[in-house]
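Predicted model only: the values in this text are computed from it and were never measured.
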Amino acid sequence: MMALNMTHQTGAAAVAATSAPRTAVVAAASATATAPSVAPNAAPSLQLQTQTVDPAAPQAPSLAMACQALVESLPEAEHPDVGGEERRKVGVPVYVMMPLDTVRKDGNGLNRRKAVEASLKALKSAGTEGIMVDVWWGIAESEAPGHYNFTGYMELMEMAKKNGLKVQAVMSFHQCGGNVGDSVTIPLPKWVLEEMDKDQDLAYTDHCGRRNYEYISLGADTLPALKGRTPVQCYGDFMRAFRDHFASFMGNTIAEIQIGMGPAGELRYPSYPESNGTWSFPGIGEFQCYDKYMLSSLRAAAGAVGKPEWGNAGPGDAGGYKDWPEDTPFFRREGGWNTAYGEFFMSWYSQMLLEHGERILSAASGVYTGTPGVKISVKVAGIHWHYGTRSHAAELTAGYYNTRNHDGYGPIARMLGRHGAVLNFTCVEMRDHEQPQDAQCRPEALVQQVAAAAREAGVGLAGENALPRYDDTAHDQIVTTAAEKAAEERMVAFTYLRMGPDLFQPDNWRRFAKFVKRMSESGAPDMCREQVEREALGVAHATEPLVHEAAAALSN
């Protein structure tokens with residue numbers, strides 16, 4: 001919820017540009033890295049022993065610092081000050097997420113067209129800036145590579161334009177189904193799944209060999225495994241086809257392109273899949289590094305630091321999807337995460353995710369450079385459970401190297417900043433005291449950390465709510481976090497989850513209209529809360545017929 005001038009790199013050129021420097025940095029770090037006195041045991045059981053490094057001993061430059069230096073050494077891209085430009089405006093524009101199945105699975109039209117029409121009119125009347133819609137790879141390029149069908153999306157764009165609404169278009173290169181809130185199933189394109197069936201290592205894999213088909217493993221980013229194209233080339237070609245097809249809408253109706261980079265469209269690993277009961281909240285999840293392409297990279301990184309025994313597998317003592325940190329030797333208070341081996345593994349694992357983001361944003365640069373009025377954004381997951389522990393286990397398995405001792409969000413923000421991209425973050429509606437206290441949930445502290453990282457990197461911060469909430473308590477939290485800030489700390493946009501029958505229930509709609517008014521008028525002089533509420537009540541009353549029509553149509 002999200003110009004560029006970097007060269008479009010895919011395939012062999014991209015892997016040369018990313019993997020070679022990392023190897024050099026890892027090798028340099030290995031010359032001074034402190035190693036545990038007992039080497040890990042590379043037994044078939046995958047058990048890796050760890051030894052705590054004496055915190056009192058002088059520490060040599062860490063691999064994490066070296067990896068971070070690599071990313072920061074890349075040339076800065078010339079791009080407009082997206083954050084500064086947006087913050088000069090009063091208030092925070094509100095977008096509303098469309099239903100996941102807005103476009104029919106055959107791509108040829110809209111589901112519930114009458115409901116969509118009435119809903120867009122109601123949203124405009126309430127002062128909403130626009131809508132967000134998933135442009136599903138599994139719909140628009142379903143049948144054959146290079147054959148794009150944007151018919152249903154064109155119908156939606158025309159409808160949005162007619163109603164004076166902006167559009168945030170999400171390039172959704174992931175499967176719909178298997179995550180929180182996924183009410184429908186939209187798999188990856190048929191021809192992609194055919195290739196994944198032939199080579200199952202194109203799927204993310206856990207230590208038990210379970211494959212995840214939500215998103216292609218980033219370990220295969222630069223392999224021509226998809227009918228002669230690499231995954232990154234496929235993503236770039238899809239974005240180019242979208243740009244060309246909607247050229248007349250770009251910059252006026254289409255204001256933002258959010259680029260999906262993983263499961264649920266987020267820049268992360270699929271470490272906590274809900275499908276088939278694999279994971280349940282607040283489990284720590286599992287590392288997803290066991291396909292042959294990820295393991296090949298791990299072996300190369302371990303060899304580069306002179307520790308080949310570290311490259312056979314991920315940590316063997318990191319527990320399972322539903323475990324808690326203290327259940328595991330790796331994530332407990334002074335566990336393996338806090339050793340030389342843990343630092344090596346987490347640096348490599350998180351760096352692979354950063355390089356994945358770099359590759360896709362470089363592809364996007366080649367597509368959207370020179371398209372005025374269109375922002376690019378990337379979504380980062382709000383993994384707030386176990387944030388209060390030392391290891392931050394759930395963040396680590398997702399690829400965010402964020403612990404008591406290590407900042408995981410600064411490198412992500414700086415990577416986005418190099419491409420002029422907006423950082424879109426979730427869980428903005430949550431308060432600490434609403435969460436299970438024994439799970440050490442700290443959503444407010446997490447949002448503050450990410451906001452600070454975005455501010456320091458000079459990138460715009462946008463937000464969304466992680467779960468559907470229509471109550472004043474959630475709205476108050478969003479307004480406080482996103483809008484009632486100094487201009488330089490205000491979010492550049494907020495996307496509301498999600499449009500559906502519940503939103504158009506009379507009480508919910510009245511509260512929503514008030515919320516939109518408060519967000520859009522925040523920072524305006526001489527605008528008191530009582531006046532905002534009076535005007536919002538007037539909007540709710542005036543739009544009552546439209547809202548009734550939308551609710552009825554969406555319920556059918």
Side-chain angles (χ1 to χ4, degrees), residues 50 52-53 55 62-65 67-68 180 206 262-264 266-273 279-289 314-315 317-354 379-413 415 423 425-428 430-432 435-454 456 466:
T50 55
T52 305
V53 178
S62 69
L63 176 63
M65 293 170 62
C67 288
Q68 184 170 317
V180 176
D206 65 20
E266 297 165 334
L267 177 64
R268 66 173 175 87
Y269 294 97
S271 56
Y272 51 99
W279 170 88
S280 60
F281 178 84
I284 58 176
E286 290 191 16
F287 292 115
Q288 305 291 311
C289 60
D317 54 357
Y321 288 102
K322 298 180 182 179
D323 285 335
W324 289 42
E326 291 304 313
D327 296 334
T328 73
F330 189 79
F331 292 120
R332 65 191 179 195
R333 184 180 176 90
E334 294 297 342
W337 64 274
N338 199 29
T339 65
Y341 165 71
E343 179 183 293
F344 159 78
F345 177 79
M346 288 312 312
S347 295
W348 167 79
Y349 190 66
S350 60
Q351 182 66 17
M352 291 289 283
L353 191 65
L354 285 170
K379 185 175 173 183
V380 176
I383 303 176
H384 57 85
W385 54 105
H386 305 304
Y387 184 87
T389 65
R390 288 175 178 257
S391 67
H392 294 231
E395 290 165 89
L396 295 188
T397 58
Y400 304 152
Y401 188 5
N402 194 55
T403 69
R404 183 72 58 90
N405 311 320
H406 191 278
D407 171 29
Y409 298 103
I412 294 173
M415 182 264 289
L423 194 164
F425 198 67
T426 61
C427 74
V428 177
M430 294 183 175
R431 301 184 188 216
D432 291 352
Q435 312 305 316
Q437 295 305 297
D438 54 351
Q440 298 271 356
C441 299
R442 300 287 187 275
E444 293 177 77
L446 175 58
V447 170
Q448 289 174 4
Q449 181 185 354
V450 172
E456 184 177 337

Short side-chain to backbone donor-acceptor contact, [X] and [Y], under 3.5 Å:
| X | Y | value |
| --- | --- | --- |
| His386 | Ile284 | no |
| His384 | Cys441 | no |
| Gln288 | Glu286 | yes |
| Glu444 | Asp432 | yes |
| Asp323 | Gly320 | yes |
| Trp385 | Gly283 | yes |
| Trp324 | Asp438 | no |

Which heavy atom of [X] sits nearest to which heavy atom of [Y], and what is that distance?
| X | Y | value |
| --- | --- | --- |
| Thr426 | Val447 | O-CG2, 4.2 Å |
| Cys427 | Gly382 | SG-CA, 4.0 Å |
| Ala381 | Glu266 | CB-OE1, 3.4 Å |
| Gln449 | Asp407 | NE2-OD1, 3.1 Å |
| Ala398 | Ile383 | CB-CD1, 3.3 Å |
| Thr389 | His392 | O-CD2, 3.0 Å |

Identify, with sequence neighbours excluded, every residue that meets side-chain hydrogen bond (donor to acceptor under 3.5 Å, both in side chains) alongside Asp327.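 side-chain hydrogen bond (donor to acceptor under 3.5 Å, both in side chains) list for Asp327, sorted by chain: empty.
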Nearest 0.5 angstrom please: [X] [atom1] to [Y] [atom2], how far?
| X | Y | atom1 | atom2 | value |
| --- | --- | --- | --- | --- |
| Tyr321 | Ser271 | OH | OG | 8.0 Å |
| Met346 | Asn338 | CE | CG | 12.5 Å |
| Met430 | Arg442 | CE | CZ | 14.5 Å |

In this structure, is the centre-to-centre distance between the rings of [Y] and [X] below 6.0 Å?
| X | Y | result |
| --- | --- | --- |
| Tyr409 | Tyr400 | yes |
| Tyr272 | Trp279 | yes |
| Phe287 | Tyr269 | no |
| Tyr349 | Tyr401 | no |

Flag side-chain contact, heavy atom, 4.5 Å: [X] against [Y]:
| X | Y | answer |
| --- | --- | --- |
| Leu267 | Leu353 | yes |
| Ser391 | Thr403 | no |
| Leu423 | Val450 | yes |
| Arg431 | Pro443 | no |

Apply side chain to side chain contact (heavy atoms under 4.5 Å, CB included) to Gln440 and Tyr387, showing your working. CA-CA 6 Å; Gln440 298 271 356; Tyr387 184 87; over 6 Å; no
Looking at Arg404, I want to see if its CZ is surrounded by more than 12 non-hydrogen atoms of other residues, nucleotides or ligands under 6.0 Å.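 More than 12 heavy atoms, drawn from other residues, nucleotides or ligands, come within 6.0 Å of this atom.
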Chi angles and distances behind the side chain to side chain contact (heavy atoms under 4.5 Å, CB included) call for Glu334, Arg390: CA-CA 8 Å; Glu334 294 297 342; Arg390 288 175 178 257; 3.7 Å; yes
Find out whether the Lys NZ or Arg CZ of Arg333 is both under 6.0 angstrom from the six-membered ring centre of Phe331 and within 45° of the ring's axis.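 Judged by the rule (NZ or CZ under 6.0 Å from the ring centre, within 45° of its axis), Arg333 is not positioned above Phe331.
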